[in-house]
Every structure is written in C-alpha cells, then in structure tokens.
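Read the structure below first, then the notes.
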Amino acid sequence: MKILVPVKRTIDANIHVRIKSDGTGVEQENVKMGINPFCEIAVEAALQMKEAGAVEEVIVVTVGQNVCEDVLRHGLAMGADRGILMETDQSLQPLGIARVLEYVIKKESPQLVIAGKQSIDSDNNQTGQMLAALLGWPQGTFASKIEITLDHVKVTREVDKGLRTLSLQLPAVVTTDLRLNEPRYLSLPNIMKARKKPIDIINASELEINIIPQLKTLKLEYPPKRNGGVRLASVEDLVDKLRNEARVI
Amino acid sequence: MGILIIAEHDNHILSESVLPVVSAATQLGKDITILVAGQDCHKVAEQAASINGITRVWLAEAEHYQHQLAEELAPLIVDQVAKGINHVMAPSSTFGKDLMPRVAAMLNVEQLSDITVIVSEDTFVRPTYAGNVMATVKCEGPVKVITVRTTAFEPVNVRDSAAEIISINAAPKLGVSEFVEGIVTESDRPDLNTARVVISGGRGLGDAESFKLLEKIADQLGAAIGASRAAVDAGYISNDHQVGQTGRVVAPELYIAVGISGAIQHLAGMKDSKVIVAINKDPEAPIFEIADYGLVADLFQVLPELSDALSK
C-alpha cells in the first residue's frame, strides 16, 4: 500500500506575524518558515504505519514555489521515500490545492491520503475535505487514532463533544489532529540521507487545472489590541474587583 | 436569493450553535431555510421551526443521515442549492468544519471558514494566523459556503415562531463510511461555547487530580471548564475541553486562566472574552499582557482561597 501525505510550508508557529506596510500580505522576508505542524503529524502517522509493516511507500507532496522543496526535504528526512513538488508561482487557495492534489493522486493511486487538519497560517481547515469530495472518497477528519486493515481504515475523531469513531472504505482521506502522535526529531544522518532522495518537480501551472483564486483578500488588519490590566495583591482584591468593578460574578 | 442553514443535532435536540448562525443569516437576507437531516428527527425540525426570523424548515429523514456523516449530507445539500440558494451556512463547530468544505468542493467554489463579521453579501471578515491577522475577503463564487464563528454573533433568542416544515427527499446512500461509536463527554456544567463563565487550567496544574480544584470553583460560578493544549496533551482532561486556535473558541463574560502561560495558540481561543483573569506564579507569563486582572501567585494556594472567598 502507498500513502500520500500533502505538506505545506508555513511561517513558524512561534513567530508573531506582521502585516506588510502595503497591507497585501504578511511579512515573510527573513521570517523562519517550516513544515506546518499538522502536516508533520501526518508524515509521522504515515511513517508509523510503514514501520508497522502495513505500508510500502510514503510519498510527500507539496504545491507551491520552488522554495517549498525544503518542507519536502523535511518529510524525507523524517523517513518518507520520495517527494513531489507541484511547482507554481500562483497564489493558492484550498480548492485549487485540492485540484492539484487530485491530479497527483490519479497519477500515483495511493490507498490513503493523510493530511494535516489545518495550516496555521490561513487556518482554513478545508483542503483534506475538499480533496475527498473531488475524489468521491470518504473522509476521517481531526483524527486522534488511525487503524488500517486490508480494505478499511478506522478513524477516531476529536469532536466538540468528545470522540467519534468511523470506519471508512479505502481509498480514503484522513486529516490529523494534535494528539495523533508526536513527530520524531530529525537526525543529522537522516537529513544528509534525505538530500539524495528523489523529488519529482512538475510544473502545476502548465497542467489544465483551474487554480485561479476565487477569494479576493481586500484588507488585512490586526484585531483590536487588548491592553493588560492591573496586577492584584490578593484573592480578596480579585473577588472584590470581579463583584464590584467588572460586575461579572 | 435564499440562505440555507445546516442544523447540527443528535436526532433529538437541536444544537444551540444554530442560533448565532441564524443571527448572522438575518444580516444577509430574509429568505432563510434551516435544513434538518437525520433519522426520526421531526422533533428537531419543530425546534428549528420555532426560531424567529427563519422562513421554513426542510426535513430530510433517512437511515443514512442518522449520524450526519459528511459523505452522506454533502450530496443532499448540493441538491438543495439548485433551488436558488446563494448562501449555505453552518456553525464552525467540528460538525461544520467537517462538512462544509466537502459541500463547497462539490459546488466548485472556495469555502469561507469561521467568519466573524458580515461586510456585505459577498464580503466577510475572518481570522487568520491564530486570530492575529483579520482578513476581509470577497468571495466571487456564485454560491457562498460559510462556517460562522458562533461567539461573534449574538444568538437569536426569541423562539415563539412556527415556521412551515417541509419534508424533502433524501439523496441516495453513498455507503463509503460507517459510524462505529461515539464517546460523548457527559457533564452537568454549561457548554463551553455558551457558558457565561469559563475557568481553564494549564500545565501549571500538574496533574489530572488538580483539575478538581477548578471543578469546585466552576460549580460555585456556574462555569464551564476549559484547558490549554498542554493540559490536554498531558492527559489531565479530555480533548473536548481544549480552548485555542485549533480547539474551541470561547468568548464568555468572564474567563479565568489558571496556570496557563498564554501561548498565542491559546489566546486565539479566548482573547475575545469580556473580562480575563490570569492566575500564574510566573510574573513574565504572556497571559498577563491581555488579562484585565492578574494575580501572580501559586495556584495551589489561590484556588482554595478563591473558593472560600466566593462562598462568602
């Protein structure tokens, strides 16, 4: 069995983002970039299945500019077998990305796609579900547990009111939540080895896939700033303020 | 010019998450339909029909809608859109987040996630980068498929209406996915999303046992209990309590953060609360930068004292 893992390059989770002075986007120059944390969990999940013997090959794929090769190398250094870069300079939105991934999947015929549930930049939480829709495949979103059998995958999902387990016919799309696993650290020998692993580069703009964005960003702004208040000396002070100043209890 | 709202329910009770979505929908237009799809769920349709401001309820009952799986609901919704629907809306709960991208892709349109403001019928504001950048987005697709951040819209509270309930045909069963089991966290406390007071614990609590200190105060205040990712990851409390960028988003009247340092991912889920209290022994913790009232102290000392002071 083959697993395909789409990965995205995002600004590092610990960076305080700044809006560009012309308001067209956020500052990315000299900002630390890396693999989206949910995508990293997805790679780890695929590798654990491979190590358990259920899977022969793990392919990482990304859609974007050539600089995105670094997140493929990250996946390869974790242990993925090969990478595919669907290269384009076009700015992308989830449906466009899902269409490009659909093309890759039709070419590679994996039995399972494991994707991150959302990227920490656009916070959309859409691409996996859209991909499943385009392929007509079942979807198991926000997974905290994945068990694979010959023709099904059992997915335990984290939902607002607890946990929900589904059984999906393969092929299927699964998206990862935080508690699925803890991704491994990259060792230096594995980083070196990853440099020699193959990456196919395909020009996504030349394919007949509509990736033109439908959503137009008119404005980016910071939310209203919340100012810190006062430090109190005691619990009595706190209860007094909550009762008599804020009047919330 | 119709608006279609997808109801979240368990075949018996309509989720309150529909109320802020109706409120958002009334800003977009007057012709508002709520779709209730499930099994033996006429009661839910009646509850939906009582919400003021809506025009009608569509009721689709079939065995394959019992668990409201996205694979089965999406084709049903797509069929309805052909009846002249311009906006399809759902709460941005895990239900809406699972379903709506599938609907959008089947309609060949991009989806708008987690909107907080309606600027016009095609322009919306939504949070990105863990709520640190608000994006105003115009949607050029013919149909707008939207999930609504429920804390950003005042729920419609009047429920004395009796809109028409119309039964509609189910779409054929796909049968590619099957519900196995659900573990519902039972609690007598108010729901995190709608609670007036939320008290949350973080890594500082140290273990699951210590969360009981929060429970006592939660009971005194009628509060819901939340948690930071660190506390959930460490197994102190179950996942459905996680507040933050990728968990639940809350905006109560009072939010009390106990032993939570205040990573941006956590702030994303609670910084719209009206009054924020932070209790942490680290004076440098970032949570103090947004707290209205801060107490630099050992939480194990403070929590019993707080409980005593509240009972006075």
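The model shown is predicted, which means the values in this text are computed figures rather than measured ones.
By number of non-hydrogen pairs under 4.5 angstrom with chain A, the leading residue of His241(B), Glu71(B), Glu305(B), His67(B) is Glu71(B).
In this structure, a donor-acceptor pair under 3.5 Å is absent between the side chains of Asp123(A) and Thr128(B). With hydrogens and angles left out, the side-chain atoms of Arg18(A) and Asn132(B) include no donor and acceptor closer than 3.5 Å. Using a 3.5 Å distance cut-off with no hydrogens or angles, the side chains of Gln111(B) and Asn124(A) do not pair a donor with an acceptor. Between the side chains of Ser113(B) and Gln126(A), a donor-acceptor pair is found at a separation under 3.5 Å.
When side chains are defined from C-beta on, Gln245(B) counts as touching Gln118(A), because their heavy atoms get closer than 4.5 Å. Contact check for Val232(B) versus Arg179(A): side-chain heavy atoms found under the 4.5 Å cut-off.
For Ile19(A), the part sitting under 4.5 Å from any heavy atom of chain B is the side chain, from C-beta outward, and nothing else. For Phe142(A), the part lying under 4.5 angstrom from a heavy atom of chain B is the side chain only.
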Chi angles and distances behind the side chain to side chain contact (heavy atoms under 4.5 Å, CB included) call for Leu178(A), Arg229(B): CA-CA 9 Å; Leu178(A) 292 169; Arg229(B) 176 192 171 183; 3.6 Å; yes
Trace of the side chain to side chain contact (heavy atoms under 4.5 Å, CB included) decision for Val137(B) with Leu218(A): CA-CA 6 Å; Val137(B) 181; Leu218(A) 304 182; over 6 Å; no
Audit row: Leu134(A), Arg102(B), side chain to side chain contact (heavy atoms under 4.5 Å, CB included) steps and yes/no: CA-CA 8 Å; Leu134(A) 297 178; Arg102(B) 193 165 178 112; over 6 Å; no
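Within the cation-pi definition used here (under 6.0 Å to the ring centroid, within 45° of the axis), Arg164(A) does not qualify as a partner of Phe179(B).
Summarising the geometry of Val180(B) relative to Leu166(A), their closest heavy-atom pair is CG2-C, 3.8 Å, with the distance given to 0.1 Å.
By the neighbour-count criterion of 12 heavy atoms within 6.0 Å, atom CD of Glu245(A) is densely surrounded, having more than that number from other residues, nucleotides or ligands.
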